[in-house]
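Working notes for the structure below.
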Amino acid sequence: MTNPQIIQSFPEPVFTTTPTAKPHDSKPLKRTEIADNLDQLLEMLPPSIGEKLAQHPSRDIVIEVVMDLGRLPEVRFPHGAEYLAETPITREDLQYSINRVGSFSGDNRAGIERTLHRISAMRNRGGDIIGLTCRVGRAVYGTIGMIRDLVETGQSILLLGRPGVGKTTVLREIARVLADELHKRVVIIDTSNEIAGDGDIPHPAIGRARRMQVARPELQHQVMIEAVENHTPQVIVIDEIGTELEALAARTIAERGVQLVGTAHGNQIENLIKNPTLADLIGGIQAVTLGDDEARRRGSQKTVLERKAPPTFEIAVEMQERQRWVVHPNVSDTVDLLLRGQEPSPQIRTQNEAGEVEIITQKPALQPLPSRGGLTVAPPTQPGGWRASGRMRPVPSGSPTVVNAEFEQMLDQAWHQPELVEDKVRTPGPNGEDWPMYIYPYGVGRSQLEQVIELLNLPVVLTKDMNSADIVLALRSQIKNHSKLRQIAKARQLPIHAVKSSTIPQITKALRRALGMDDFNSSEGLDLRLFSHQGSDDELEALEEARLAVEQIVIPKGQPVELLPRSPKVRKMQHELVEHYRLQSDSFGEEPNRRLRIYPA
């Protein structure tokens, strides 16, 4: 039975004090460490072990007691470990302790009611308990002095660190400060009853914060969502986020405007970047293909890793030691720098002997490190070509006009590359126009142009000399970005025909428009081979099906039509054909029955 006097006397226990401080305070605060109900933990141990530990001079700093079947009982301190008896643990010893603790949950953890102690079990293949790890739970006031200013900002905080570094203790103290001192509605998701203790009544160490217990560890994500929907919290405290469902639940909570304070498996942010299960906590990672200009500007490969979304937690704290924490005040910037092979600039927060907190901003190294936490970092880019050869010469300072004039002359010559045959042969067209039409392509794929001209037998000749061209055919993006092209075309009174993309359907539209053959509702002159990639019978059959559906049902009757299921490659060709008729289409259904649906205009 639990002694009620122990609970009532909790605010004024016997304690030891060491100083601590807020980062923004010059006067240190008091750090109160409470060895909470140690006698109750000693009572659940076998008498021979409990009595010897009770008389140990270092009993106040015990971390845990380990009892394994057939081995000597062991007590662990911060400075090392000792054996507590000369006789091995028997099954009777284990059963004695099991009978004096609560029931073990799905994660093989149990507790002592109204205490913070945690008893973890090891089982054999048959499910029998063959080992116990009895960890001493302590409530510590003042542990968040190093990050109290961050807690008060209202931003979500993620704590990282190795087992035993004190993450749960800090989590418990954060919940108490937010609830009691900042007067916020705090709900703790206590999966293994480690934060607020075992039993139905939570431990006083969490203050006014409320605690929701979890029936089974695999249901933690459901309880997280339930807490937000049913109990209107301002802060959610979570311990040990370890699955993808829990990471998604955390993102859902953060997107609802609730402050999150949690811990995750990992020592550093790099561990989360390499962990696909928990990567969503820091925004998620995706592979992105860069354009040539962007890859050249970054000095990287074309395929790089980038952050996919804003991080769930804005602040990350790496608890390297009990009095040395690495703080990343902006997780977005840290992740972006690490993915680009650069060193971030975190804050190193330590506590000196006087209890004052010192904050040092770590400067990145001049050269990227080969690795950090196992994450490969790109080597620095080295200059190449003429720059590395040493043959580059500086521009003469006294003759900028001459240099600019030479450059302009070379640029003008680049626009005019004379053809081998300059004589134009003209024949009258059906409306009296001069055929063939000479076209100067700019940014448009020449192979696609030649394919369209050959298949449709168009009266078009491609030229490399703008002086002999009748029109300019250019990509729309190139026209916007190159004023030189617009200036030359205007000076020579050449019309510019723009295409949205260098695809065969787009090129076909532009050429027919330039030749006055722009009749999209007519199948006359339409060659399905333009929309086919390989010209196979299956492709042509699917395109013919789409053409007949458009010309016989969609356009004349104004009714939508569903086509037969096709492969993604063939459906893309059908989409391009429908776009030729200026109609809309989309794909629906599941593979392999995914098919096209065509809508009337």
Please check this pair: side chain of [X] against backbone of [Y], looking for a donor-acceptor N/O pair closer than 3.5 Å.
X: Ser156; Y: Phe313; value: no
X: Thr252; Y: Leu248; value: yes
X: Arg307; Y: Gly284; value: no
X: Asp93; Y: Thr90; value: yes
X: Arg349; Y: Met146; value: yes
X: Lys167; Y: Arg162; value: yes
X: Asp280; Y: Gly283; value: no
X: Thr334; Y: Asn330; value: yes
X: Asp190; Y: Arg211; value: no
X: Asp128; Y: Asn124; value: no

Quick check: do [X] and [Y] have side-chain heavy atoms less than 4.5 Å from each other?
X: Val62; Y: Leu53; value: yes
X: Ile273; Y: Leu339; value: yes
X: Met44; Y: Cys134; value: yes
X: Ile236; Y: Ile189; value: yes
X: Phe104; Y: Ile98; value: yes
X: Met319; Y: Leu160; value: no
X: Ile174; Y: Ile147; value: yes
X: Lys184; Y: Gln259; value: yes

* Test side-chain contact (heavy atoms from CB on, under 4.5 Å) on Gln220 and Ile238 and set out the steps. => CA-CA 9 Å; Gln220 175 169 303; Ile238 319 163; 3.4 Å; yes
Any idea which heavy atoms bring [X] and [Y] closest together, and the distance?
X: Pro592; Y: Pro565; value: O-CB, 3.8 Å
X: Ser103; Y: Ala110; value: O-CB, 3.6 Å
X: Leu281; Y: Ala250; value: CD2-CB, 4.3 Å
X: Ala247; Y: Ile241; value: N-CG2, 4.0 Å

Indicate whether the side chain of [X] and that of [Y] have a donor and an acceptor atom separated by less than 3.5 Å.
X: Gln213; Y: Asn193; value: yes
X: His328; Y: Gln347; value: no
X: Glu358; Y: Asn352; value: yes
X: Ser58; Y: His79; value: no

* Kindly determine whether Val258 and Val235 satisfy side-chain contact (heavy atoms from CB on, under 4.5 Å), including the steps that lead there. => CA-CA 6 Å; Val258 178; Val235 183; 5.6 Å; no
Can we say [X] and [Y] salt-bridge, meaning some charged N sits less than 4.0 Å from an Asp/Glu carboxylate O?
X: Glu591; Y: Arg571; answer: yes
X: Glu294; Y: Lys302; answer: no
X: Asp60; Y: Arg138; answer: no
X: Glu74; Y: Arg76; answer: yes
X: Asp586; Y: Arg595; answer: no
X: Arg148; Y: Glu152; answer: yes

* To do: Test side-chain contact (heavy atoms from CB on, under 4.5 Å) on Leu158 and Thr263 and set out the steps.
  => CA-CA 6 Å; Leu158 179 65; Thr263 64; 5.8 Å; no
Taking atom [atom1] of [X] and atom [atom2] of [Y], what is their separation to the nearest 0.5 Å?
X: Gln55; Y: Leu42; atom1: CD; atom2: CG; answer: 10.5 Å
X: Asn275; Y: Thr277; atom1: CG; atom2: OG1; answer: 5.0 Å
X: Leu171; Y: Ile188; atom1: CG; atom2: CD1; answer: 7.5 Å
X: Met67; Y: Leu84; atom1: CE; atom2: CG; answer: 10.0 Å
X: Ile49; Y: Tyr83; atom1: CD1; atom2: OH; answer: 13.0 Å
X: Gln155; Y: Ile315; atom1: CD; atom2: CD1; answer: 4.0 Å

More than 12 foreign heavy atoms under 6.0 Å from [atom1] of [X]: is that the case here?
X: Arg71; atom1: CZ; value: no
X: Arg594; atom1: CZ; value: yes
X: Asn230; atom1: CG; value: yes

* To do: Would you please name every residue forming a side-chain contact (heavy atoms from CB on, under 4.5 Å) with Ile63, sequence neighbours left out?
  => Pro78
* To do: Please collect all ring-ring contact (aromatic ring centres under 6.0 Å, His included) contacts where either partner lies in residues 216-266, sequence neighbours excluded, each pair once.
  => none
* Any salt bridge (Lys or Arg N to Asp or Glu O under 4.0 Å) involving residues 233-248? Give me the pairs, sequence neighbours left out, ordered by first then second residue. => Arg109-Glu240
* To do: Mind running side-chain contact (heavy atoms from CB on, under 4.5 Å) on His117 and Val136 for me, showing each step along the way?
  => CA-CA 5 Å; His117 307 311; Val136 178; 4.0 Å; yes
